[in-house]
Every structure is written in C-alpha cells, then in structure tokens.
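What follows is a single structure, written as structure tokens, with notes after it.
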Amino acid sequence: MPRPTPAQFAYGSATVVFSTFAMLLLTQTRSGLGVMVIAVAGLALGLLVAVTVPMPGTSRAGRAAAARTNRRTVLVRAPQTPAPAAPAAPAATPAHAHAEPVEPRVSQHSLHG
C-alpha cells in the first residue's frame, strides 16, 4: 500500500476537525458517550476523505489510456479434432439421447473480459 501524501493528510485532518466540530455544535451533546461517538464518526469520515483523495502522478487521460490498452482482446482458435466414433446404441434409448449435441469444451481459458 502506498504511503499517504501530504494532501491526503491535510484533507483528512481538516475533515476530522471540521466535521467533529460541526457535529458537536449541531447535536449539542454533553455526555461523554455522545462526544466519543461523534469523535469516532469524525475520524471515520476523515479516513474516508483521505483515502479517496486521488494519488499524484496519474491523470484521468493516463488512467483512460491504460484502461484501453488493458482491454485488448486476443482471439485464440481451438485446434480442430475429429469427433470420436459414436458407440452402438443400446436397445432402450435414454432420455438424454434426443437432446441437442453438446460442443466439446476448449481446454484453454477464455480471454474475453
């Protein structure tokens, strides 16, 4: 995990101070438990703001270009193998005998995203 930037510290700290002060004024709480709940809520809000501040070094255009290059699709053809000979049919046909034939599975992973 990258280290926090000075902007993240500044935004997070300002959010903690101002949101806690505003909640204390708006609720007019005087009990110790109420102040503690508001302080924890202010810390959580400050952490949320600090985490969502964008990191420097990558612009929107840079992230969009990286996303476009990662979406490149590679098509891989499965080798064609001859179908095995059908076994002799038993006297009583099972219920699945009249179903549509199933294509064989490809042993490679799909690259479609």
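Given the structure is predicted, the values throughout are model-derived calculations rather than measurements. Keep in mind that the numbers below use all heavy atoms, side chains included, and drop hydrogens, waters and symmetry copies.
Not counting sequence neighbours, the partners of T29 by the side-chain contact (heavy atoms from CB on, under 4.5 Å) test are L24, T27, S31, V35, I38. Every residue two or more places apart in sequence or in another chain was checked for a side-chain contact (heavy atoms from CB on, under 4.5 Å) with V17, and none qualifies.
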Donor-acceptor pairs are to be reported for all side-chain atoms of residues 44-55 against protein atoms at under 3.5 Å, with residues two or more places apart or in another chain.
| unit_1 | atom_1 | unit_2 | atom_2 | d |
| --- | --- | --- | --- | --- |
| T52 | OG1 | L48 | O | 3.1 |
| T52 | OG1 | V49 | O | 3.1 |

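The shortest heavy-atom contact between G42 and S19 is CA-OG, 3.8 Å. The two atoms that bring V16 and T20 nearest to each other are O-OG1, 2.6 Å, heavy atoms only. R3 and Q8 make their closest contact through O-OE1, 4.3 Å (heavy atoms, listed as atom of the first residue, atom of the second, distance).
Residue L25 belongs to a hydrophobic cluster whose other members are F21, with links defined by side-chain heavy atoms closer than 4.5 Å.
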